Protein chains: 2
Amino acid sequence: MASNWIDIRDEIRRRVLERELLPGAKLPNDQELAEEFDCSRTTVQRAMLDLAQSGTVNRRRKGGTTITLHPITRTTFDIPITRLEIEAAGHEYGYFLVSRDILMSPPRVASSFGLAEPTKMLRVRALHMADKQPYIFEDRWIAHDTTPEILDVDLSRESANEWLIRNRPYSDCEVRFLAKRATHEEADLLAADVDEALFVMERTTWINGAPITTVRALAKPGYQLVAKAN
Amino acid sequence: MASNWIDIRDEIRRRVLERELLPGAKLPNDQELAEEFDCSRTTVQRAMLDLAQSGTVNRRRKGGTTITLHPITRTTFDIPITRLEIEAAGHEYGYFLVSRDILMSPPRVASSFGLAEPTKMLRVRALHMADKQPYIFEDRWIAHDTTPEILDVDLSRESANEWLIRNRPYSDCEVRFLAKRATHEEADLLAADVDEALFVMERTTWINGAPITTVRALAKPGYQLVAKAN
DNA sequence: ACAATTAATATGTGCATGCTTAAAATTTTT
DNA sequence: AAAAATTTTAAGCATGCACATATTAATTGT
């Protein structure tokens, strides 16, 4: 008779799905649910924690538990290291440094860090390849004042991304997905047509508020990011 | 002296950040950590649950807890209902039905449901507008054999999405992000240039294995999806 | 009428204990 | 001796109970 937390979660989820519980509806409190499901309040709590994390319900102390008013699709994407993504797909990984310069960051880059003023940064552009074919082109800006060691790294051998992941921890990360038309140069690098639509992943990282790096990764035409929701 | 679960989580996270714990490293078991942090195993378990869900550690019964070998960027996106997204941004929402037909689904659509054979489906194309400007164009296919009521709905007044959300629960959902070049017609509808790069969100839903709907949403030029990771 | 205080209530946290699972070690079988 | 079946055991996982904390509502004081 007594339920475990997964049964409870699934049953509440079913009630939401079957419209027995409508968006905005208030659930009985944990104690009452525990009686209904013939278990302790802890077990109900465990189920509710999961439902709250998946965005199905909202919980507020004293306010109780309510079904999320406006249904959303909550999706979790794992963005891997490009080399590993390529190798996991069974392809041969290749890496090619396109350019390495110390430049003033353009407004787009400064603003992605939330900075008003452009600063001098290390800009690294590189190409990741799968089975000799272009896969992802990355255009990276590194705040070398917070990570001076990067200036001594041979970036023609290893991608800045992998060096940074091994050596420069970050505390905050912002991710941004968008689409962008290929410029002449980008089309050339990615073996794409000019004006081809490219899928773009931008990532910016900070350590305790200080900028580390921002990268715009342009994927080859046809690239897709897939996830299962719910 | 005794720690709470958030302190423990943050301390483990700090050790990973500071490279005191390297990728692949094995953590002490919950019992030992409980002694170190002067608390019960349950409290450690709670911290570890959180770390596992954020992708920082992997836990295996008997195998113990290890730091994730290949760091990934795990990001959670909440994709809202378009009307609410527009209204939340303080814009006036507009909706316009472009077409409504019963057609054989093309291979692309059949395969997104995992079906080999094309079937007859209801195809609805509609435009969502923000302050009279095109915002998102959606091209939707609905399996009307599993949802026959949709055939009686006046889709010139309400978007199929909102009707479905209110009336047709789903159990599984797949999300896909990509970029696509605007065709003449798409450019026209979205007030974009031909060949403009469009950000595309595709969502396919099922109820217990049976197809419900698949939608390709083309966002206006400049659209971005943003999330904080970690 | 308004602000400050107090009470009530629902969720959150921590601890103790027992259960479940998967890897490793052992035994049995072929 | 190798392979299959079994037992052991070391980990994480789940649950029941008691207490902490936040938020709302009611009450009291000015």
Side-chain angles (χ1 to χ4, degrees), chain A residues 1-16 20-70 72 74 76 78, chain B residues 1-16 21-70 72 74 76:
Chain A
M1 189 60 217
S3 308
N4 65 30
W5 75 267
I6 289 180
D7 291 341
I8 297 172
R9 178 197 63 186
D10 290 349
E11 171 60 15
I12 299 295
R13 190 176 277 166
R14 188 194 65 75
R15 289 179 193 178
V16 174
E20 293 171 22
L21 288 169
L22 294 171
K26 187 166 174 184
L27 286 164
N29 68 33
D30 291 5
Q31 179 58 53
E32 290 169 301
L33 287 171
E35 283 159 26
E36 175 186 342
F37 288 103
D38 187 27
C39 63
S40 83
R41 214 165 63 67
T42 310
T43 307
V44 172
Q45 155 79 24
R46 182 68 187 81
M48 290 301 167
L49 176 65
D50 195 82
L51 288 166
Q53 284 178 333
S54 72
T56 308
V57 303
N58 295 305
R59 310 196 91 204
R60 278 167 35 248
R61 275 180 170 161
K62 168 82 184 182
T65 306
T66 52
I67 305 297
T68 298
L69 196 54
H70 302 303
I72 46 156
R74 179 165 293 176
T76 302
D78 285 343
Chain B
M1 188 61 217
S3 308
N4 63 30
W5 74 266
I6 290 178
D7 292 340
I8 297 171
R9 177 197 63 185
D10 291 348
E11 172 59 16
I12 299 294
R13 190 176 278 166
R14 188 195 64 74
R15 290 180 193 178
V16 174
L21 287 169
L22 295 172
K26 186 166 173 182
L27 288 164
N29 66 34
D30 291 7
Q31 176 61 56
E32 290 168 299
L33 287 170
E35 282 160 25
E36 174 185 343
F37 288 104
D38 187 27
C39 65
S40 83
R41 270 173 33 225
T42 312
T43 305
V44 172
Q45 153 78 21
R46 181 71 187 81
M48 290 302 168
L49 177 66
D50 196 82
L51 289 166
Q53 284 178 336
S54 72
T56 308
V57 302
N58 295 307
R59 313 196 88 202
R60 280 169 32 251
R61 276 180 159 146
K62 170 84 182 179
T65 306
T66 52
I67 305 298
T68 297
L69 194 54
H70 303 302
I72 48 156
R74 178 165 293 177
T76 302

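None of these values were measured; they are calculated from a predicted model. What you see below is based on every heavy atom in this structure, not just the backbone, and it leaves out hydrogens, waters and symmetry mates. Every chain is numbered from 1 and lettered A, B, ... according to where its sequence line falls, protein lines coming before strand lines.
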Asker: Can we say A:Arg15 and A:Asp10 salt-bridge, meaning some charged N sits less than 4.0 Å from an Asp/Glu carboxylate O?
Answerer: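 Between A:Asp10 and A:Arg15 there is no salt bridge, as every charged N stays at least 4.0 Å from the carboxylate O atoms.
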
Asker: Write down the distance between CD (A:Glu32) and P (C:dT9), rounded to a whole number of angstrom.
Answerer: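 To the nearest whole Å, that distance equals 12 Å.
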
Asker: Separation of B:Arg60 atom CZ from C:dA22 atom P, in whole Å?
Answerer: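 Interatomic distance, CZ of B:Arg60 to P of C:dA22: 10 Å.
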
Asker: Check for a donor-acceptor pair, side chain of A:Thr68 on one end and backbone N or O of A:Thr56 on the other, with a separation under 3.5 Å.
Answerer: yes

Asker: Rounded to the Å, how far apart are A:Arg59 CZ and C:dT13 P?
Answerer: 10 Å

Asker: Quick one: B:Glu35 CD to C:dC15 P, roughly how many Å, whole number?
Answerer: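 For the pair B:Glu35 CD and C:dC15 P, the rounded distance is 13 Å.
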
Asker: What's the NZ-P distance between A:Lys62 and C:dA7, to the nearest Å?
Answerer: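 Interatomic distance, NZ of A:Lys62 to P of C:dA7: 14 Å.
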
Asker: Can you see if the side chain of A:Arg61 gets near the phosphate of C:dA10 - specifically, an N or O under 4.0 Å from OP1 or OP2?
Answerer: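 For C:dA10, neither OP1 nor OP2 has a side-chain N or O of A:Arg61 closer than 4.0 Å.
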
Asker: Report yes if a side-chain nitrogen or oxygen of A:Asn4 is closer than 4.0 Å to either non-bridging phosphate oxygen (OP1 or OP2) of D:dA14; otherwise report no.
Answerer: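 Negative; the distance criterion is not met.
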
Asker: What's the CG-C1' distance between B:Asn58 and D:dG12, to the nearest Å?
Answerer: 13 Å

Asker: Given atom CG of B:Asp30 and atom C1' of C:dC19, what is their separation to the nearest angstrom?
Answerer: 15 Å

Asker: Would A:Asp78 and B:Arg74 count as a salt bridge (Lys or Arg N to Asp or Glu O under 4.0 Å) if you check the C-alpha gap in whole Å, the side-chain angles of each, and the deciding distance to 0.1 Å?
Answerer: CA-CA 4 Å; A:Asp78 285 343; B:Arg74 178 165 293 177; 2.7 Å; yes

Asker: For B:Gly63, answer base if it contacts any base atom (sugar-phosphate contacts may also be present), sugar-phosphate if it contacts only those atoms, and nothing otherwise; contact means non-hydrogen atoms under 4.0 Å.
Answerer: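 The answer is nothing, as B:Gly63 stays clear of every strand by at least 4.0 Å.
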
Asker: Please confirm whether the shortest side-chain N or O distance from B:Thr65 to OP1 or OP2 of D:dG12 is below 4.0 Å.
Answerer: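 Affirmative; the distance criterion is met.
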
Asker: Determine yes or no for a side-chain-to-main-chain donor-acceptor pair under 3.5 angstrom, with B:Ser40 supplying the side chain and B:Thr42 the backbone.
Answerer: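 Pair found, side chain donor or acceptor close to backbone of B:Thr42.
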
Asker: Could you go through A:Ile8 and A:Cys39, starting from their C-alpha distance and side-chain angles, then the distance that decides it, and tell me whether this counts as side-chain contact (heavy atoms from CB on, under 4.5 Å)?
Answerer: CA-CA 10 Å; A:Ile8 297 172; A:Cys39 63; 3.6 Å; yes

Asker: Would you find a donor on one side and an acceptor on the other, under 3.5 Å apart, between the side chain of A:Glu32 and the backbone of A:Asn29?
Answerer: yes

Asker: Counting only heavy atoms and a strict 4.0 angstrom limit, can you tell me which residues of residues 36-52 of chain B come near DNA chain C?
Answerer: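 Within this stretch, B:Cys39, B:Ser40, B:Arg41, B:Thr42, B:Thr43 sit under 4.0 Å of the strand.
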
Asker: Using a strict cut-off of less than 4.0 Å between a Lys/Arg side-chain nitrogen and an Asp/Glu carboxylate oxygen, indicate whether B:Arg14 and B:Asp7 qualify as a salt bridge.
Answerer: no

Asker: Specify the separation, in whole Å, of atom CD1 of B:Ile8 and atom C1' of C:dC15.
Answerer: 12 Å

